[in-house]
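Below, all heavy atoms of this structure are taken into account, side chains as well, without hydrogens, waters or symmetry copies. Naming: A, B, ... by sequence-line order, numbering from 1 per chain. These figures come from a predicted structure and were not determined experimentally.
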Amino acid sequence: MATVVESLTQLLQSAADTVGLEAIIPQVNATKSPDLGDYQSNCCFRLAKAAGTSPRELAAKLAAALPTGPVLAKVEVAGPGFLNLFLSNAYLGQALQAQFADPKLHVPQTQGTVVIDYSSPNVAKRMHVGHLRSTVIGLALHKLYDFCGWTVVADNHIGDWGTQFGKLIVSWDAWVDLAAFEQDPIGELQRIYVKFSQEATDAQQDLAREETAKLQAGDARNLGLWKRFIDASMVEFESIYSRLGVSFDVTYGESHYNDMLQPLVEGLLAQGVAEVSEGAVIIPFDKSDGKGLKDQPFLVRKKDGAALYGTTDLATVRFRLDTWAPKRVLYVTDTRQQLHFKQLFAATNKLGWNQAELVHVWFGLLSLPEGNMSSRSGNVIHLKALLDAAVDKAREIVDLKSAELPDDERALVAEAVGVSAVRYADLSQNPQANVVFDWDKMMAMEGNTAPFLMYGHARLRSIQRKEDLQHVVTGHGPVNDAERELTTLLLRFPSVVPAALEANRPSILAEYLFTVARSVNRFYSQSRIKGSVGEERAMRASLVAAASMTLSTGLGLLGIPALERM
RNA sequence: GCGCGGUUAGCUCAGCUGGAUAGAGCGCUGGCCUCCGAAGCCAGAGGUCACAGGUUCGAAUCCUGUACCGCGUACCA
């Protein structure tokens, strides 16, 4: 069965043919108020001039040619030429049944591989709230693409190579407290790293460069220490990832590309794409390479011969193309790297590496009220501390509201609710705006929050249990306003998910789910299942089933568990 | 200088492939649990959509300019 929009578009098209309009693509949109119908079309404004009439007259002709019947209950011409389309309740019921007979809820499926590069923290540092956005947005995209049929390769491109290791090695030799390292590896690494950046002498700085070079040349001792730092870091990262439900397919860090870098640069020089400038190797651009790229060359080798992250990223593109032949590659990082990726993409164009669509999914900066976050100055909030605080707060609420649940379940609920609240706080806002960290906002549990959405779902499931309802959608159409509103909203799911995916903005889905949850609350305050019988009961039970499936599926795509009880 | 963002209700923000009276949350005021979960629902107060032009039947949305804020802008990532 076609989706609602497809059906309406088709009806309009055939009406247009009847009237004698040619080659139009009539658009229909959801209305914002039920008095204006369920859908409306503005096509008459655009077409009137060519047809030699006024929009209103044309709308009247189209309305007359639109057959009311099984789909359309009523067509009205309104205002200066709007065409308001009212769907029949019976059709809405059938459309809902068809949508929920499909495990993918009519979300269009796409073939192809997408590589998603997200989270990507630096080794030897504790994850802080600044890492939240990439991780949480990246995970949601991971799930969205997966749901839409893509083959997803999630790659955690960790910062496990480069100059910070020389510094760490020098710091280790000078200051490490092994007992402290045993206790809290990352804490100790971070302590000595901060100490280095605050206190290192010039001699130590030089030594650090030497140690970095030795590491990259394969020095056994340095490699051993390096491995130790990474292992400790991965334990730390995993503890956060398991709470956030994140898992990667591969974790090729920057180190993985080390051997490819010098041959790559030599190749670029040989091809004439790169050139030597001021002792360094650059890929120069002019304005034909992209807006703002003039005089912004891409650096691929420092004058001391070392590679830098541009080099690594270029090698990474090549490796990903060769390994997975992706159709699309997403880089989920903050706004500060926009120029870098613009340069990287322009460089791949010059090289003819056009097999994949490379997309920088960027998000705004998270700062603290005291200013920008900085690991060095200690002006950070650790992710674990934030999650723990949110879980503690959730626990208080669960204890208060759901004392009847067993203790261990309350603990699980608190963990799910607290972590989800934090996750949703970040997911639900415009990713491209900068935000100032706010404890109360991150841990809010009322209003437009994850707990609100989870509550909506849990309550639907509770109704199903208490009323012993089947978890299926029959074809009975809605009757009252709340039922119609919920139905038409649920029918929009198949267009919302691809929209969120194509914009690479999970917040589009989050916002939709919020409106669904509100509609659900209104619905069961107006339409009681208990005590209802016959067709009315079947219809309401269907809405409960359809809404709970939509919420659990949608929440799942955001990485939020849809609990049965909370 | 150039590039990329931001500016909408007291506060935090949606809405930006142009559409009919600009929406939420928090806070504030007032209702709703003998009734399937009140982490909820209903009602109310609250807005020159930064400013100025332009395009259009129609602009918070598109274009141009201005102001203020943030970020980036060759050897860190």
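- Comparing B:A20, B:C36, B:C41 by their nearest atom to the side chain of A:F452 picks out B:C41.
- Residue A:N372 places at least one side-chain N or O closer than 4.0 Å to OP1 or OP2 of B:C71.
- With hydrogens and angles left out, the side-chain atoms of A:E6 and A:T9 include no donor and acceptor closer than 3.5 Å.
- Here the side chains of A:L269 and A:V276 are in contact, with some heavy-atom distance below 4.5 Å.
- For A:T515 against B:A24, no side-chain N or O and base N or O form a donor-acceptor pair under 3.5 Å.
- With a 3.5 Å ceiling on both atom-pair distances, B:A9 lacks any Watson-Crick or G-U wobble partner.
- Of the candidate nucleotides B:A39, B:G25, B:G40, B:G40 has the atom nearest to the side chain of A:N521.
- Within 3.5 Å, a donor on the side chain of A:Y309 pairs with an acceptor on the base of B:A77, or the reverse.
- Taking the six-membered ring for Trp, A:F86 and A:Y39 have ring centres at least 6.0 Å apart.
- Side-chain atoms of A:H471 and A:Q464 include a donor-acceptor pair closer than 3.5 Å.
- Summarising the base pairing, B:A39 is matched to no nucleotide, lacking a Watson-Crick or G-U wobble pair whose two defining distances lie under 3.5 Å.
- Base pairing annotation: B:A52 forms a Watson-Crick or G-U wobble pair with B:U64, both donor-acceptor distances under 3.5 Å.
- Here the nucleotide nearest the side chain of A:R505, chosen from B:C36, B:G15, B:G25, is B:G15.
- Applying the 3.5 Å distance criterion, the base of B:A20 shares a donor-acceptor pair with the side chain of A:N84.
- The nucleotide B:G1 finds its pairing partner in B:U73, both defining distances of the Watson-Crick or G-U wobble pair being shorter than 3.5 Å.
- Side-chain proximity of A:R522 to the nucleotides B:C41, B:A74, B:C36 is greatest for B:C41.
- For A:K441, taking side-chain heavy atoms from C-beta onward, the closest of the listed nucleotides B:U12, B:A39, B:C4 is B:U12.
- Base pairing analysis places B:U21 opposite nothing; no Watson-Crick or G-U wobble pair with both distances below 3.5 Å involves it.
- Under the Watson-Crick or G-U wobble criterion, with both distances below 3.5 Å, B:G44 is paired with B:C28.
- For A:K530, the listed nucleotide lying nearest its side chain is B:C36; candidates were B:A14, B:C36, B:G19.
- When distances are taken from the side chain of A:L339 to each of B:A39, B:C36, B:U73, the shortest belongs to B:U73.
- Put simply, the side chain of A:Q296 and the base of B:A74 share no donor and acceptor less than 3.5 Å apart.
- On a pure distance criterion of 3.5 Å, a polar donor-acceptor pair joins the side chain of A:N42 and the base of B:G19.
- Relative to the side chain of A:R528, the nucleotides B:C36, B:C13, B:G25 differ in distance, and B:C36 lies closest.
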